[in-house]
*Asks:* 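This is the structure I have questions about; it appears just below.
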Protein chains: 2
Amino acid sequence: MARSPTEFSPVTLPLSRTAQLVEHLGTDIRAGRYKPTERLPTEQELMARFDVSRTVVREAVASLKAEGLVVTRQGSGAFVAQNPTGKPFRIVQDDLTSITEVLNVLQLRLAVEVEVAGDAAIKRDQLRLDDMARCLEQIDAAVRAGDAAIEADYEFHLSIARATGNPYFERFMRFLGTVLIPRQTVRAGIEDPRAQRAYLDQVQAEHRAIYQAIRDADPIAARAAARAHLEAGRERYRTISREAV
Amino acid sequence: MARSPTEFSPVTLPLSRTAQLVEHLGTDIRAGRYKPTERLPTEQELMARFDVSRTVVREAVASLKAEGLVVTRQGSGAFVAQNPTGKPFRIVQDDLTSITEVLNVLQLRLAVEVEVAGDAAIKRDQLRLDDMARCLEQIDAAVRAGDAAIEADYEFHLSIARATGNPYFERFMRFLGTVLIPRQTVRAGIEDPRAQRAYLDQVQAEHRAIYQAIRDADPIAARAAARAHLEAGRERYRTISREAV
DNA sequence: TTTGCCATGTTATCAGACAAGATACATTTC
DNA sequence: GAAATGTATCTTGTCTGATAACATGGCAAA
């Protein structure tokens, strides 16, 4: 991990005690010297072994928790996570400066959501259909209130993912959501209220097409509707971003 | 005298104060409410604003540091990182113990690769087609040598992703590969060499169907071929795993 | 044996203090 | 006047001691 970019340290880079402890314990865990699910030494033991205060120990453990290497249970102890070496899939926000990059991520979203809609049309039950319908109504209400309904829109898509019964779909869509939602505020940037209303009505019509295909248990139609919706969404992003420039 | 965490909700939420603060600050940063290189409130201000102790504030900041969202400079303050990285998408290996879980991840892979094949059929050029063809030949060679050709198979799929020009496709497929490849060794577990050869010939026939559709610039056929291949793959995994039990 | 209580150990959180580095501003020096 | 310097003050880093919440195992009672 890089230190402060403005700081040139000629020979020695002084790591804080916390950072040293994180480094030490992290390598121990990655090297398998502590095995998955094994309990780490108690805070008191770590304090004594490394001659540091409890603050340092706790901050180090907090860092390791954030890295996903350990989990703690209050009153029980700190334990090595089951999979300490899983390399995650990252999308770096700063890479999404160009329109093209955002469109690429939107295409990844399209890929997943098309399949999600198709599978939802197979797996869906009345309960999930009710959830989707409720989301659609919430979008309607938000639009009537003059809101951009970004959150309700998001929830509708998630409700479809839940209907598949495959938890990875919802998790991945939530992941993409955190990446994309900050970019989606352009939707709220449409100045003319009537234009925005027309825009939202169009989006909602596409939503209903997806919903109806799922309700009709027609996976092919559901995939087609989802594809239409998300390709239109990419196109809208393309044109709006271009105008914004 | 503990502050009542049930003040707002009858059911105590299992999130620790530290975790809540991490969540709050993390979303603030990711949402851009704190901009890169901007200074965060001081520890004292955060203590006052969230009504928590300095321990909680410091552990929360330690977590955010581990996530790469903030950097701290002693005596100066805590700052939003220049490249605040989003929360990554993780698939924990240990969650893939059950057949169902693996099938769920395979479905995620299917979703992406179907779209990848379709987009490759649109974007492909001669250079990329040559890459794919070369991969197919390598699989053939490996199979003739009696090898399971897992690596060459992987490379073929990646070559399709490269043809789309969308780097996120290849990155995501590589990510899923690291998760799934350890599970794929069942392929090598087929004991009868003739059965394995028949299996691999079938797989290779499906590969060629995908390749030809892409070569013919037919996205619909490419998606159908990719879907057929990956659904067959899921089915093969299902049956083989069941036999293994 | 089973159930429930309780002592003990552990993490979570709070509070206060001092050390070390950073920053702005006044002071000194040229 | 400008640059160098000293200093007050702010902020993070670390230490210490205490209380609350939770987990666990043992023991007593049913």
Side-chain angles (χ1 to χ4, degrees), chain A residues 1 3-10 12-25 29 34 37-67 69-81, chain B residues 1-7 9-25 29 34 37-81:
Chain A
M1 191 63 80
R3 306 280 298 164
S4 170
T6 61
E7 173 186 314
F8 282 94
S9 43
T12 62
L13 56 164
L15 283 174
S16 69
R17 286 172 201 273
T18 299
Q20 291 178 43
L21 186 51
V22 168
E23 179 69 17
H24 195 130
L25 291 178
I29 292 172
Y34 294 113
T37 72
E38 184 181 345
R39 218 192 74 167
L40 292 178
T42 68
E43 294 178 351
Q44 295 297 331
E45 285 172 343
L46 291 174
M47 288 167 66
R49 186 177 307 178
F50 294 96
D51 190 33
V52 293
S53 72
R54 190 147 174 245
T55 304
V56 170
V57 171
R58 285 198 57 80
E59 286 186 30
V61 173
S63 289
L64 294 171
K65 275 202 291 185
E67 283 184 53
L69 258 59
V70 310
V71 294
T72 60
R73 287 202 287 275
Q74 183 176 174
S76 182
F79 301 82
V80 177
Chain B
M1 55 167 90
R3 274 172 255 273
S4 167
T6 64
E7 189 173 347
S9 62
V11 184
T12 58
L13 55 164
L15 244 53
S16 69
R17 280 169 163 59
T18 298
Q20 290 178 46
L21 186 50
V22 168
E23 180 70 19
H24 195 129
L25 292 177
I29 292 171
Y34 294 113
T37 74
E38 184 181 344
R39 220 192 72 167
L40 293 178
T42 69
E43 294 178 351
Q44 294 299 329
E45 285 172 344
L46 290 174
M47 288 166 67
R49 187 179 304 179
F50 294 95
D51 191 32
V52 294
S53 72
R54 195 161 165 228
T55 304
V56 170
V57 170
R58 285 196 58 80
E59 285 185 31
V61 172
S63 288
L64 294 172
K65 276 203 291 186
E67 283 184 54
L69 258 59
V70 309
V71 293
T72 60
R73 288 199 283 276
Q74 184 176 174
S76 181
F79 302 81
V80 177

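Being a predicted model, the structure only gives us computed values, none of them experimental. Below, chain A is the first sequence line, B the second, and so on; all start at residue 1.
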*Asks:* Can you sort out the partners of R54(B) under salt bridge (charged side-chain N to carboxylate O under 4.0 Å, His left out), two or more places apart, ordered by chain and number?
*Replies:* E43(B)

*Asks:* Under the side chain to side chain donor-acceptor pair (under 3.5 Å) rule, collect the residues that match up with T55(B), sequence neighbours excluded.
*Replies:* none

*Asks:* Under the 3.5 angstrom rule, does the side chain of R39(B) hit a backbone N or O of S76(B) as a donor-acceptor pair?
*Replies:*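 Such a contact is found between R39(B) side chain and S76(B) backbone.
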
*Asks:* Show the nearest heavy-atom pair for residues V52(A) and L46(A), with the distance to one decimal.
*Replies:* CG2-O, 4.4 Å

*Asks:* For T18(A) and A60(A), work out which heavy atoms get closest and say how close.
*Replies:*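 Taking T18(A) first and A60(A) second, the nearest heavy atoms are CG2-N, 3.8 Å.
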
*Asks:* For Q20(A) and dG13(D), give me the distance from atom CD to atom P, rounded to whole Å.
*Replies:* 14 Å

*Asks:* Can you name the residues that form a side chain to side chain contact (heavy atoms under 4.5 Å, CB included) with T37(B), not counting sequence neighbours?
*Replies:* Q82(B)

*Asks:* Identify the heavy atoms of A62(B) and S63(A) that sit nearest to each other, and give their distance.
*Replies:* O-OG, 3.5 Å

*Asks:* Output the rounded distance in Å from CZ (R58(B)) to P (dA12(C)).
*Replies:* 17 Å

*Asks:* Tabulate atom names and distances for all N/O pairs under 3.5 angstrom spanning the protein and nucleotides 7-11 of chain D.
*Replies:*
from    : atom 1 : to     : atom 2 : distance (Å)
dT11(D) : O2     : G75(B) : N      : 3.4

*Asks:* What are the residues of residues 46-55 of chain A, sorted by number, that bring a heavy atom to within less than 4.0 Å of DNA chain D?
*Replies:*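 Close to the strand are V52(A), S53(A), R54(A), T55(A).
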
*Asks:* Of the non-hydrogen atoms in E67(B) and A66(A), which two are nearest, and what is the gap between them?
*Replies:* CG-CB, 4.3 Å

*Asks:* If you check the E59(A) side chain, which of dT14(D), dT13(C), dT11(C) turns out closest?
*Replies:*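 The nucleotide sitting nearest to the side chain is dT14(D).
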
*Asks:* What's the shortest heavy-atom distance between L40(A) and V70(A), and which atoms?
*Replies:* CD1-CG1, 3.8 Å

*Asks:* Mind checking whether Q44(A) and M47(A) have side chains closer than 4.5 Å, heavy atoms only?
*Replies:*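 In short, these two side chains touch, coming nearer than 4.5 Å.
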
*Asks:* If only side-chain N and O atoms of T72(A) are considered, is one of them under 4.0 Å from the OP1 or OP2 phosphate oxygen of dA12(C)?
*Replies:*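 So the side chain of T72(A) is within the cut-off, an N or O lying under 4.0 Å from OP1 or OP2 of dA12(C).
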
*Asks:* Determine to 10° how strongly the helix from dT1(C)-dA30(D) to dC30(C)-dG1(D) is bent, judged from the axes of its five-pair ends.
*Replies:* 10°

*Asks:* Output yes when at least one side-chain N/O atom of T18(A) is less than 4.0 Å from OP1 or OP2 of dG13(D), else no.
*Replies:*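 For T18(A), the contact criterion (side-chain N or O under 4.0 Å from OP1 or OP2 of dG13(D)) is not met.
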
*Asks:* For L21(A) and dT14(D), what is the distance between atoms CG and P respectively, to the nearest whole Å?
*Replies:*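 Going from CG in L21(A) over to P in dT14(D) covers 10 Å.
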
*Asks:* Flag this pair as yes if the NZ/CZ of R17(B) is under 6.0 angstrom from the six-membered ring centre of F50(B) and inside a 45 degree cone about the axis; otherwise no.
*Replies:*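 The answer is no, since R17(B) fails at least one limit relative to F50(B).
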
